[in-house]
Amino acid sequence: MGIPAEESIRSHLQFLAGTTGPRPTGSPAYRQAAEYIRRTFSDAGLQIQDIRFPCIDWRHRATRLEIGSSAFTAAANPFSPACDVPGTLLPLCTPAELEAAEIGGKILLFYGDLSNEPLIPLNCEVYNTERDQRINRLLVERKPAAVLSANLNWPAADARIEDADMPIPSATVDAETALALLDHAGEEAHLVILAERLPSEAITLVGSRPGPDRRKLVLMAHYDTKVNTPGAIDNAAGAAALLCLAGRLAERPPAIGLEFIAFGDEEYYAYSDGMYVKQFGEQFADIVLAINFDAVGQRLGTDTLALMGASPELQSVIDGILRRYPQMLWTDPWPQSNHSTFAFRGVPSLALISRGSNRLHHQPQDSLRWVSPEKIAAVVALIEEIIAAVQNCDPAWSREKAE
């Protein structure tokens with residue numbers, strides 16, 4: 001059946017995580033990856049549509065944080081505006097404390113509850129919370145000079161603010177620096193960030209092969225990365241599975257329409273999810289199953305499946321197939337990826353991810369040495385079996401029934 005799956009996967013991985021490397025949305029490497037995906041979709045005979053919108057390509061040169069004659073280590077957050085700002089240092093621990101404080105013109109130090117997790121971007125459409133949007137609104141409306149956030153796990157975790165739409169300059173500091181800064185509360189701080197925000201374009205590619213009727217299966221993966229990571233697991237691995245399946249299913253098309261989506265902005269804002277809904281939302285009723293590949297095939301991880309919005313009948317079919325893949329497990333539903341765009345709108349959605357890989361996500365060490373093409377090939381084989389099993393089914397059969 002054409003090129004063996006492992007060989008195809010290895011080739012896709014090498015190009016995405018090896019040749020291009022870090023692929024933050026809008027960067028030159030990102031555009032190179034987009035054209036590679038376009039060629040692969042074209043070679044598979046897919047009809048290709050683009051979802052495009054303006055974005056920024058962020059280039060950072062230096063960050064400097066000073067209080068009096070003392071210098072402190074800080075890392076500018078991706079997409080932060082450039083700045084050269086003084087301001088009184090004001091430490092804040094909780095959203096309620098932030099709401100009660102006079103923050104205009106001050107340099108804030110978020111710690112505790114305000115910095116335990118990354119702040120969800122202002123306009124993220126895949127997953128959001130009222131808490132995070134409340135914090136974002138307060139920052140935009142009350143205009144502090146800048147925000148510093150303590151990350152107790154730095155550098156082994158994300159920056160706390162990564163938002164191209166946030167107009168407030170921001171940086172992340174490690175635990176030792178945050179402790180030292182607490183001793184300078186109320187003093188005049190000075191933050192300098194030398195960075196550029198260059199106009200660019202985000203690209204999500206939708207490759208389709210119509211079936212004999214309106215029914216279709218949707219397969220997806222994102223190909224963008226955070227800044228400064230080659231993103232081998234997250235998510236060259238998922239993109240490689242998607243591209244491999246596009247080639248393999250071109251040789252033996254199932255009796256149902258296929259749609260392959262390479263999302264181009266999952267890591268930061270996921271605007272293209274909302275644009276996809278506006279463009280293709282009327283077809284959601286025709287989707288039998290949506291399948292998302294996000295960070296599969298970690299060599300030391302366990303590949304897992306999470307199913308949302310599905311009927312007991314669909315669950316039973318997948319259960320039966322999964323028994324032939326004892327190296328994979330079910331896991332609880334999780335919302336933080338592109339499948340939520342479908343699951344939250346009633347489409348049965350299957351999400352695959354390697355548990356144990358989260359310590360690599362978004363990190364410089366997320367390199368090809370951690371990826372197993374053999375494990376990704378097993379994921380591909382599993383999905384081929386699922387597609388064969390549901391290709392003649394109707395959307396009404398696969399959907400969770402209202403009580």
Indicate whether the side chain of [X] and that of [Y] have a donor and an acceptor atom separated by less than 3.5 Å.
{"X": "Ser337", "Y": "Asn292", "answer": "yes"}
{"X": "Ser272", "Y": "Thr204", "answer": "yes"}
{"X": "Asp113", "Y": "Thr94", "answer": "no"}
{"X": "Thr341", "Y": "Asn338", "answer": "no"}
{"X": "His222", "Y": "Asp265", "answer": "no"}

>> Tell me if the centroids of the rings in Tyr276 and Phe342 come within less than 6.0 Å of each other.
In response: yes

Residue pair [X] / [Y], side-chain heavy-atom distance below 4.5 Å:
{"X": "Cys393", "Y": "Ser398", "result": "no"}
{"X": "Leu181", "Y": "Pro91", "result": "no"}
{"X": "Leu258", "Y": "Pro253", "result": "no"}
{"X": "Thr63", "Y": "Leu191", "result": "yes"}
{"X": "Phe110", "Y": "Arg160", "result": "no"}
{"X": "Phe15", "Y": "Leu243", "result": "no"}
{"X": "Thr25", "Y": "Phe79", "result": "no"}
{"X": "Glu188", "Y": "Glu66", "result": "no"}

Least distance between heavy atoms, [X] atom then [Y] atom:
{"X": "Ser149", "Y": "Ile161", "result": "OG-CD1, 4.3 Å"}
{"X": "Pro86", "Y": "Ala145", "result": "O-CB, 3.9 Å"}
{"X": "Asn392", "Y": "Ala255", "result": "OD1-CB, 3.7 Å"}
{"X": "Ala306", "Y": "Asp332", "result": "CB-O, 3.7 Å"}
{"X": "Ala221", "Y": "Leu242", "result": "N-CD2, 4.0 Å"}
{"X": "Tyr268", "Y": "Pro78", "result": "OH-CB, 4.1 Å"}

Flag, side chain of [X] to backbone of [Y], donor-acceptor distance under 3.5 Å:
{"X": "Thr172", "Y": "Ala75", "value": "no"}
{"X": "Lys375", "Y": "Gln298", "value": "yes"}
{"X": "Asp394", "Y": "Trp397", "value": "no"}
{"X": "Arg214", "Y": "Gly257", "value": "no"}
{"X": "Thr229", "Y": "Lys226", "value": "no"}
{"X": "Ser354", "Y": "Gly297", "value": "yes"}
{"X": "Glu7", "Y": "Ala5", "value": "no"}
{"X": "Arg215", "Y": "Gln391", "value": "yes"}
{"X": "Arg23", "Y": "Leu16", "value": "yes"}

> Yes or no on side-chain contact (heavy atoms from CB on, under 4.5 Å) for Leu219 and Ile387, after CA distance, side-chain angles and deciding distance?
Replying inline: CA-CA 10 Å; Leu219 300 96; Ile387 290 172; 4.0 Å; yes

[X] atom [atom1], neighbour heavy-atom count above 12 within 6.0 Å:
{"X": "Gln327", "atom1": "CD", "result": "yes"}
{"X": "Arg324", "atom1": "CZ", "result": "yes"}
{"X": "Arg299", "atom1": "CZ", "result": "no"}
{"X": "Glu176", "atom1": "CD", "result": "no"}

At what distance, to the nearest 0.5 angstrom, does [atom1] of [X] lie from [atom2] of [Y]?
{"X": "Ser115", "Y": "Leu152", "atom1": "OG", "atom2": "CG", "value": "6.0 Å"}
{"X": "Leu139", "Y": "Leu119", "atom1": "CG", "atom2": "CG", "value": "7.0 Å"}
{"X": "Thr225", "Y": "Asn235", "atom1": "OG1", "atom2": "CG", "value": "10.5 Å"}
{"X": "Asp303", "Y": "Leu305", "atom1": "CG", "atom2": "CG", "value": "8.5 Å"}
{"X": "Ile256", "Y": "Arg209", "atom1": "CD1", "atom2": "CZ", "value": "13.0 Å"}
{"X": "Ile51", "Y": "Phe280", "atom1": "CD1", "atom2": "CZ", "value": "5.5 Å"}

> By salt bridge (charged side-chain N to carboxylate O under 4.0 Å, His left out), which residues pair with Glu97, not counting sequence neighbours?
Replying inline: none

>> Salt bridge or not between Glu35 and Arg38? Use side-chain N to carboxylate O under 4.0 Å.
In response: yes

> Does Arg31 pair with Asp57 as a salt bridge, N-O distance under 4.0 Å?
Replying inline: no

>> Tell me which pairs pass side chain to side chain donor-acceptor pair (under 3.5 Å) where either residue lies in residues 137-146, with sequence neighbours left out.
In response: Glu130-Arg137

> Which residue pairs satisfy the side chain to side chain donor-acceptor pair (under 3.5 Å) criterion with at least one member in residues 99-109, sequence neighbours excluded?
Replying inline: Glu99-Arg134

>> In terms of relative ring orientation, are Phe41 and Phe260 parallel, tilted or perpendicular, with 30° and 60° separating the classes?
In response: tilted

> Between His362 and Asp234, is a side-chain contact (heavy atoms from CB on, under 4.5 Å) present by the stated rule, with each step listed?
Replying inline: CA-CA 7 Å; His362 312 156; Asp234 188 18; 3.1 Å; yes

> Among Leu148, Ile168, Leu114, Ile103, whose side-chain contact (heavy atoms from CB on, under 4.5 Å) with Leu108 holds?
Replying inline: Ile103

> Do Asn77 and Ser80 pass the side-chain hydrogen bond (donor to acceptor under 3.5 Å, both in side chains) test, and can you show the C-alpha distance, the side-chain angles, and the key distance before you say yes or no?
Replying inline: CA-CA 5 Å; Asn77 290 330; Ser80 171; over 6 Å; no

> Does the pair His60 and Asn228 meet the rule for a side-chain contact (heavy atoms from CB on, under 4.5 Å), with working shown?
Replying inline: CA-CA 11 Å; His60 173 253; Asn228 298 327; over 6 Å; no

> Please walk me through it: do Glu374 and Arg10 pass side-chain contact (heavy atoms from CB on, under 4.5 Å)?
Replying inline: CA-CA 9 Å; Glu374 295 80 10; Arg10 201 178 302 275; 3.3 Å; yes

>> Exactly one of Tyr30, Phe293, Phe263 should register a ring pair (Phe, Tyr, Trp, His ring centres under 6.0 Å) with Tyr223. Which one does?
In response: Tyr30

